[in-house]
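One structure below.
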2 protein chains.
Amino acid sequence: MTLVQEIDTLNVERLFYLKGEVDHMSRSTKKDILLQVAERLFYEHGFRGVGLKQIISEANVATMTLYNHFSSKDNLVEEVLIQREERYWSYLDSHVEMDSDSPFILAVEAHGRWLKEQSYKGDMFLRAIEDYAGTDNEIENIARGHKSKLLQYFQLLAQRKGKDNERDLANQFTLLLEGTTSMTTLIGAEKATEYSIAMARTLVQHTS
Amino acid sequence: MTLVQEIDTLNVERLFYLKGEVDHMSRSTKKDILLQVAERLFYEHGFRGVGLKQIISEANVATMTLYNHFSSKDNLVEEVLIQREERYWSYLDSHVEMDSDSPFILAVEAHGRWLKEQSYKGDMFLRAIEDYAGTDNEIENIARGHKSKLLQYFQLLAQRKGKDNERDLANQFTLLLEGTTSMTTLIGAEKATEYSIAMARTLVQHTS
DNA sequence: TAAGAATTAGAAAGGTCGTTCTATATATTC
DNA sequence: GAATATATAGAACGACCTTTCTAATTCTTA
């Protein structure tokens, strides 16, 4: 059982909410295309900066096809976030060898690769929190859920490695990842990751 | 001469661009109110999430008063960013004692106080870069200018303190500040700053 | 007090937005 | 092959957007 799977068993309700009753096998292809196109456009221009017209146009789909799969634009945003989160965790999971000497460093490296391939410009979840905060929206919940799972991830990792200050270490590494993501917008994923790995090594060595 | 002033002399064109020909003494009160209201609303709901109608309504001014002072919404965004940047730098300048033993720590602390008072939720400049990227807009230039000035700031600080790896240190501290800002959205400025200061101390001590 | 500048409320123009509707066409399934 | 589900194009809706216009009013200042 991977670390992410373990966290999921701790948060059963949230997981159920995330996966819903969706049968992944019988998923419509059109829906997948819509999710993919929407994610790209939302990420590039922001949720509010992209209209449904552009999405259906680039997805080569009729208006009603979108509304057949998603009850509203907000619902589309929600599903985009859920899909992106799943991809992020499977990415982290597949790159972090828990029994390694330094799983923390591996996590930072994996996050760096994710940035290089999927997040060259800012963080979609943070953006969702900011854009939809205070509007009593499910979107914010989903995005915040992802972030608290990140904290849990590092906390559990610290626990596994017998660190006594799990909570502090988890927060520091989450801060490090968030900083790397922001820096990617400024100096690119390559350099940002280089610096964060250097910092991570220093932290692991010199934190009680 | 403070460190920020010194950086400004290095970037004369940009400074001139920022300050323009504006005579701060004869500035209209209405304009100030508009800038203040717009900054608050833009920060809370995003540039695209706030309409001019809401801004003029909360500022208690007429539509034409806004257009008398700003040529467009984009121009309003620009001036809001410029004003916010000025406030940020005077904030940092007034809190960082350059001759201190650890000006780096002071800078992190000052940034933390800025977050607590002015940026409880994300970074306005990063957001501007993301929202307006690729649209050939002055807004992105202003926001990116602010970020590169931040890098310069730490680079100059490192240089002053006789560190040999100025560039690396500057990038690492900028990453740290950006991470703190992001974490503020998740766990609040208080705790985020606490963690970043701890990390900063570790870094200063154990980086060549 | 007279003249010029700034501000006012509100309407109007011209767009785009999210969403719904209609009517036709294409797939899928029994 | 009939029945059911899914997709199509595109018009229509009302709401909201930024920007412009008008004409009356208030403020500033010489």
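Quick caveat: nothing in here was measured; it's all calculated off a predicted structure. By convention in this document, chain letters (A, B, ...) are assigned in the order of the sequence lines, proteins followed by strands, and residues within each chain are numbered from 1.
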Exercise. Stepwise, does the side chain to side chain contact (heavy atoms under 4.5 Å, CB included) test hold for B:Gln159 with B:Gln155?
Worked result: CA-CA 6 Å; B:Gln159 197 174 302; B:Gln155 214 163 320; 5.6 Å; no
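Under the side chain to side chain contact (heavy atoms under 4.5 Å, CB included) criterion, B:Ala59 pairs with B:Ile33, B:Leu34, B:Val37, B:Val61, sequence neighbours left out.
Atom-to-atom, NZ of A:Lys30 to P of C:dT26 comes out at 13 Å; the value is rounded to the nearest Å. Rounded to whole Å, atom P of D:dT8 lies 16 Å from atom OH of A:Tyr67. As a whole-Å value, the separation of B:Leu66 CG from D:dC17 C1' is 14 Å. If you measure from atom CG of A:Asn60 to atom C1' of D:dA9, you get 13 Å, rounded to the nearest angstrom. Atom CZ in B:Phe70 sits roughly 15 Å away from atom C1' in D:dT18 (whole-Å rounding). A:Met64 has its CE atom 12 Å from the P atom of D:dT6, to the nearest Å. Here C:dA6 presents its P atom at 7 Å from CG of B:Asn68, a figure rounded to the nearest Å. Distance A:Lys73 NZ to D:dC16 C1': 13 Å, rounded to the nearest Å.
Between A:Thr65 and D:dT8, a side-chain N or O to OP1/OP2 separation shorter than 4.0 Å is present. At the phosphate of C:dT7, OP1 or OP2 sits under 4.0 Å from a side-chain N or O atom of B:His69.
Contacts between residues 37-56 of chain A and DNA chain D, defined by a heavy-atom separation below 4.0 Å, involve no residue at all.
When heavy atoms are screened at a 4.0 angstrom cut-off, A:Thr63 is found touching base atoms of the nucleic acid.
Between A:Phe173 and A:Phe104, the angle of the ring planes lies from 30° to 60°, which puts this pair in the tilted group. Using a 30° and 60° split on the angle between ring planes, A:His146 and A:Trp89 fall in the perpendicular class, above 60°.
For B:Lys191, the NZ atom counts as densely surrounded, since its 6.0 Å shell holds more than 12 non-hydrogen atoms of other residues, nucleotides or ligands.
For A:Phe125 and A:Tyr88, the ring centers sit 6.0 Å or farther from each other.
When the nearest nucleotides of DNA chain C are assigned to A:Ser72 and B:Val61 by heavy-atom distance, the more 5′-ward of the two goes with B:Val61.
Looking only at atom types and distance, the side chain of B:Gln118 has no donor-acceptor partner in the side chain of B:Tyr91 under 3.5 Å away.
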